[in-house]
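Model, not experiment: these values are computed from the prediction. Below, each value reflects all heavy atoms present in this structure, side chains not excepted, and no hydrogens, waters or symmetry copies. In what follows, residues are counted from 1 in the order of the sequence shown.
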Amino acid sequence: MVRPYHGDMGVRASVVLWAVCGGLLVAGCEDAEVDPPMDDSGVLPDAGRDAGDEDGGARRDAGTDAGSLFDAGPPPTGCELLDAGVPDASTPDASTPDGGPSDAGDATLPDAGDAAGPDAGPPSFDPPAPGAYPRPLAGPGGPSESYDEADLLEACAPLDGGERDRDHHNTAFMFDGRLWLPWAHEGGVGGISVFDFATPCAPSPVGTTVFEDMRETHSTGVARVGERDWMVTTSMTGILFWDVSDPSDPQPVTDMTLPGVRYPDSYARVVMSVFWQAPYVYVGASDNGVFIVDASDPERPELVAQYEPEPDFRVGGVHAIGTLLAIFPSEGSRTAFVDISDPGAPRPIPGGTFLLNDGTTDRLGRPTLRAAYFAHINGGRAYYARHVIGGGLIVFDIADPSAPSFLGSWESPDRFANGGYVFVMEDEAFVGLSAFGEIIDIADPSAPDRVARLDMVGDVDTLTPVGNVIVASVDDDAVSGEASLVYPWKRAPDTRAPVVNMVVPRDGAEPVALGARVGLTVDEPVELATVHRGSFYVRPIDEAGEPLGPPLEGQYSGQEGVLNFWPAAPLAPATTYEVVVPAGGLTDVSGNATAAPFRSTFRTAACE
């Protein structure tokens, strides 16, 4: 169910006054809701709406695939976007629209139709050179050190946010040549710390900013808007936009309150995750479903809609890849894939709602349901951190989101294992299992197998691979000042080129809505500063595959191995587009550029 919002509808987006930020907490502290009970099998049931909620107290049948219950109707075409007339992709300026979000820092391409004279020959629709990045990296880049065998999986350095840090950490990541570490306790007081990380065992602090009303942040969205770099994290009553243009002094700018988000609730009515497919932010909000926020101007974000999956479940992570939104459970078993061709009105994909199982069956031959805490998408697969009654990893094939299927699973032999978060780099999955962390070989997803175990004091929920090291983080019971530790993982620095392993819309897809975005996954984290109209582009082509115009203008964003491109204007109807990632453009966080080109095509819907 989608609830559109018009105006503020009680949503407060307040500019943070830095001088008085210590006194901003004014939310009503209602009693925290209790954690959901387990069923008799020990598996947490999917969390429906509270029995007293206004739209009904009956919890829906968690075992029913939503795809068989409703007629989703015809797919959206986006033709209504063409109020100003239908663009013709055969005209050069149809693919270089004016206005809208722009490629950060990238110079506008000249109109390819402006020839130098009558004898200048055919127009050129060539993209910029793949390595012609709009700006150099601000920091020194990713890990460049080698290690001895004895150093591997031994902690070599802590990462700390200073005296206000409550030792409650989650996911670190690289951006613009530096390591960024958002940290916050679920009860408030957090911040962002930045480090030069080329020598990971001797990280150099660049800057730290503390914000009183920041809350535990399970994911962080990153985008460049105009000439400024932005991040979005979680706050006590919603989401928090940061201007991070100066890494020595990240600044909280807008604390946006979302309806129904309650402090000090820790699970039921909170923000669990954010995903910035710029300019929109998708917010995984537990029992509140998914909020959709237009952050075209991060200083004045607007709530567009609230989407509640049917059947209801407690939403944890969300991932937006092109026109696909994956909605994952938090401590539950249900997943929902929805079509976001219209980004503000998610549409359920028939067959795309399913319950997680581990490939085994009970005595009646029914799939054995399992719970997951969080999940991750990469390469047409969903990776789940198995939660409760044996932690581990479960892998599903989601290349066709209308027909997801079980691929493989690995169960930890340690009875104290309890899944947290999972990330992927190349052929390994990195899973936090509370009592320890595991690195799992996923080269054959039907038979995942343990590679190594990482031990650390505290609730080890997160292992983040960064080149040849791991940043391991705990969100409870840490040694003071050691909530995040750096562990060498491989002896030599990473020299392998990143590989594009998924595209949405899928290769050959048609008809694709005119408002579609294009998303990719890459088999390791990418340096977002290397993404531009030369290293990842979309352009119209004719039947022979020849370009009809230069690469489209638009906005790029990325998060957790996902890259998204949002065109600045609607696509032309009944037109074939190519999606290209050339060799020598995108780089991973260690500076390795793509070695082999990637290309796919799709065709848009026709409009009368």
Side-chain angles (χ1 to χ4, degrees), residues 141-147 149 152-153 171-175 179 197 200 319 321 374-385 392-399 407-410 421-432 437-454 462-472 486-503 519-528 530-531 535-536 558-563 581 583-598:
S144 59
E145 290 186 319
S146 296
Y147 303 100
E149 193 70 29
L152 302 185
L153 296 178
T171 305
F173 57 92
M174 292 291 296
F175 170 65
L179 184 82
F197 205 62
H319 288 68
I321 308 169
F374 256 62
H376 180 78
I377 282 187
N378 195 270
R381 300 170 190 158
Y383 298 88
Y384 295 84
L393 179 72
I394 297 176
V395 187
F396 263 64
D397 181 346
I398 55 107
L407 271 178
S409 103
W410 178 83
Y421 307 91
V422 55
F423 297 98
V424 168
M425 179 176 173
E426 299 170 2
D427 288 333
E428 280 98 19
F430 299 77
V431 188
E438 294 279 9
I439 300 100
I440 300 172
D441 184 345
I442 53 172
D444 178 358
S446 68
D449 196 18
R450 171 195 275 174
V451 174
R453 169 171 163 153
L454 184 150
T462 310
L463 304 185
T464 306
V466 184
N468 62 333
V469 304
I470 296 168
V471 177
V486 180
Y487 290 79
W489 150 235
K490 292 186 176 179
R491 293 187 61 180
D494 177 28
T495 58
R496 181 184 177 279
V499 176
V500 175
N501 55 13
M502 179 180 179
V503 62
L520 307 172
T521 69
V522 184
D523 68 349
E524 58 180 312
V526 168
E527 174 52 72
L528 190 57
T530 67
V531 182
S535 62
F536 168 19
Q559 186 174 332
E560 298 179 19
V562 175
L563 298 176
V581 176
L586 302 178
T587 78
D588 62 21
V589 300
S590 298
N592 304 304
T594 47
F598 170 87

Distance flag, aromatic centroids of Phe374 and Tyr421, threshold under 6.0 Å: yes
Stepwise side chain to side chain contact (heavy atoms under 4.5 Å, CB included) check, Ile398 with Met502: CA-CA 10 Å; Ile398 55 107; Met502 179 180 179; 4.1 Å; yes
Whether His376 and His319 hold their rings parallel, tilted or perpendicular, with breakpoints at 30° and 60°: perpendicular
From Ile321, Val581, Val522, residue fulfilling side-chain contact (heavy atoms from CB on, under 4.5 Å) relative to Leu563: Val522
Minimum heavy-atom distance Thr594-Pro498, with the two atoms named: CG2-O, 3.7 Å
Heavy-atom closest pair, residues Asn378 and Gly561: ND2-O, 4.3 Å
Check: Asn468 side chain, Ala492 main-chain N or O, donor-acceptor pair, under 3.5 Å: yes
Nearest heavy atoms of Leu179 and Ala172, plus distance in Å: CD1-CB, 4.1 Å
Donor-acceptor contact below 3.5 Å, side chain Ser535 vs main chain Thr530: yes
For Thr171 against Thr464, the heavy-atom pair lying closest together: CG2-OG1, 3.8 Å
Where Glu145 and Pro200 come nearest, the two heavy atoms and their spacing: OE1-CD, 3.5 Å
Side chain to side chain, Val395 and Trp410, heavy atoms closer than 4.5 Å: no
Check: Gly379 main-chain N/O paired with Asn501 side-chain donor or acceptor under 3.5 Å: yes
Flag side-chain contact, heavy atom, 4.5 Å: Asp494 against Asn592: yes
Side chain to side chain contact (heavy atoms under 4.5 Å, CB included) between Tyr147 and Val469, intermediate numbers included: CA-CA 10 Å; Tyr147 303 100; Val469 304; 3.6 Å; yes
For the student: nearest non-hydrogen atoms of Tyr383 and Arg381, plus distance: OH-CD, 3.2 Å
Pair Asp523 + Arg496, salt bridge at N-O below 4.0 Å: yes
